[in-house]
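Scroll down for the structure; my scribbles are underneath it.
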Amino acid sequence: MPPELPDFACTPERRTADLFADFVKLQAGGVPLPGRSTTRRFSTLSDLGRQDLSVARLAEGHLDAAAILHELGHHLPAAGERWGVWAARPPGPGVSATRTGQGWEISGVKPYCSGAHSCTHALVTADADDGYRLFAVALDDPGAKPVEGTWPAIGMVGSDSLDMSFTEVRARAVGEAEEYLTRPGFQHGGIGVAACWLGGAHAVAATLYGRAAAGRLNDHTAAHLGTIDMLLHTADGVVHRAGDEIDTDPLDERQEARTRSLRVRALVEKVCTEVMDHVGRATGAGPLCRDERHARAVADLTVYVRQHHAETNLAELGRLAAAGSPGESR
């Protein structure tokens, strides 16, 4: 079993952990893998983002782990297991993998491990003697411990994204060296994260749509709502189209997955940023100060959308665009 959460009830971490467990038990098995009604998969993630971005973050990790295990020829998560994908790689020593007589062990500290207390298993990236690898680990290993106090965040507080310390933890290699990053599903999964962000943007916009439903629009707020509606409608359509395109080429034989992922993630990040700005300009400080759900949605989305690598990704997209014809769908 994973380490226990703090004893005190009703913490954001506990609430998220309970909702995550319910999702895995009741819904996760029915979510299609990428390439099999991917649009429905993305819709599920977007719906979760509308409800609670921290829950969406943990659910997305579990679903991504299942997709990775399937893609790389391993069994799907068993009943009662809750998986995360812990692959952050900021500068620093990170996690290393060592071969042993029985297989592999990993040691080091991995940051941003969402669901640190509530996951039972995780896919963890580590540097090995033959390259960058992915490993499956069971978190009941005594060498796997959350580093308390390393997630003092306000936004996405419920995601429980602590650092994890690994000390000679038994690990099972998943795929070959570098395959975690080079497989087609890495790009498909990146759009799944963007679908969660987009759900968060819908949650932020709900405040302004609520004012409209109550008949409280003037010309100023109507203009902001019109802009928001256009942005969300466009992003919804782009994510829907991306799901359909993945279904027609799940193995990326046309070599379009990277460009698609960069485009979709960049668009959704821009939509999320602009929706938060327009809602704030239309409504002022009131909802941020007096509406807990709205304030949490804004704080969570502000943090979560920063998984996008901003100008680094846009520069890569620009180079890919320069290599082809203007406006070409790669």
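Nothing here was measured: the structure is a model prediction, and the numbers come from that model.
- Using a 4.0 Å cut-off between charged side-chain N and carboxylate O, Arg15 and Asp52 make a salt bridge.
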Exercise for review: Could you please spell out the steps behind the side chain to side chain donor-acceptor pair (under 3.5 Å) verdict for Ser114 and Ser161?
Suggested key: CA-CA 4 Å; Ser114 296; Ser161 299; 2.6 Å; yes
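- Using modelled atom types and a 3.5 Å distance limit, the side chains of Asp236 and His202 yield a donor-acceptor pair.
- Remark: Arg260 engages Glu256 in a salt bridge, criterion side-chain N to carboxylate O under 4.0 Å.
- Residues Arg254 and Thr248 bring a donor and an acceptor atom of their side chains to less than 3.5 Å of each other.
- Ion pair Glu316/Arg258 flagged as a salt bridge, since at least one NZ, NE, NH1 or NH2 atom sits closer than 4.0 Å to an Asp/Glu carboxylate oxygen.
- Close placement of the Phe135 and Trp104 rings is indicated, their centers lying within 6.0 Å of each other.
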Review point. Going through the checks in order, is the side-chain contact (heavy atoms from CB on, under 4.5 Å) test met by His233 and Met230?
Key: CA-CA 5 Å; His233 178 77; Met230 173 271 294; 5.9 Å; no
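- Atom NE2 of His75 has 12 or fewer neighbouring heavy atoms from other residues, nucleotides or ligands inside a 6.0 Å radius.
- Relative orientation of the Tyr304 and Trp197 rings is perpendicular, given thresholds of 30° and 60° on the angle between their planes.
- Heavy atoms from other residues, nucleotides or ligands lying under 6.0 Å from OH of Tyr112 number 12 at most.
- A chain of hydrophobic side-chain contacts below 4.5 Å, direct or via other Ile, Leu, Val, Met, Phe, Trp or Tyr residues, connects Val268 to Met156.
- Going from atom CH2 of Trp151 over to atom CG of Asp163 covers 10.0 Å, rounded to the nearest 0.5 Å.
- Residue Glu274 qualifies as enclosed at atom CD: its count of foreign heavy atoms under 6.0 Å is above 12.
- By the criterion of side-chain heavy atoms lying less than 4.5 angstrom apart, applied directly or through intervening Ile, Leu, Val, Met, Phe, Trp or Tyr residues, Leu288 is not grouped with Val157; the two fall into different hydrophobic clusters.
- Side-chain polar atoms of Arg265 and His308 form no donor-acceptor pair below 3.5 angstrom.
- Annotation for Arg36: atom CZ does not count as buried by contact number, only 12 or fewer foreign heavy atoms lying within 6.0 Å.
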Point to revise | CA sep, side-chain torsions, deciding dist, call: His70, His74, ring-ring contact (aromatic ring centres under 6.0 Å, His included) | key: CA-CA 5 Å; His70 175 78; His74 294 256; over 10 Å; no
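- From Thr11, atom OG1 reaches atom NE2 of His117 across 10.0 Å, with rounding to the nearest 0.5 Å.
- In the model, Ser165 has no side-chain atom that pairs as donor or acceptor with a side-chain atom of Lys110 under 3.5 Å.
- A distance of 10.5 Å separates CG in Leu72 from OH in Tyr180, rounded to the nearest 0.5 Å.
- Using a cutoff of 4.0 Å between basic side-chain nitrogens and carboxylate oxygens, Glu269 and Arg306 are scored as salt-bridged.
- For the side-chain contact (heavy atoms from CB on, under 4.5 Å) with Leu45, the qualifying choice from Val193, Leu63, Asp64, Val31 is Leu63, the only one to do so.
- A distance of 11.5 Å separates CD1 in Ile246 from OG in Ser37, rounded to the nearest 0.5 Å.
- Surrounding CZ of Arg170 are at most 12 heavy atoms belonging to other residues, nucleotides or ligands under 6.0 Å away.
- Here the straight-line distance linking atom CG of Leu139 with atom SG of Cys119 works out to 7.0 Å at 0.5 Å rounding.
- When the shell of 6.0 Å around CG of Leu76 is examined, it contains more than 12 heavy atoms from other residues, nucleotides or ligands.
- A cation-pi geometry, defined here as NZ or CZ lying under 6.0 Å from the six-membered ring centre and within 45° of its normal, holds between Arg89 and Tyr132.
- Other residues, nucleotides and ligands contribute at most 12 non-hydrogen atoms within 6.0 Å of the CD atom of Glu168.
- Taking the charged nitrogens against the carboxylate oxygens, Arg296 and Glu292 have no contact shorter than 4.0 Å, which rules out a salt bridge.
- Counting heavy atoms from C-beta on, the side chains of His240 and Phe42 never come closer than 4.5 Å.
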Practice item. Using the side-chain contact (heavy atoms from CB on, under 4.5 Å) rule, take Thr283 and Thr221 through it: C-alpha gap first, then chi angles, then the decisive distance, then the call. Key: CA-CA 8 Å; Thr283 62; Thr221 53; 5.9 Å; no
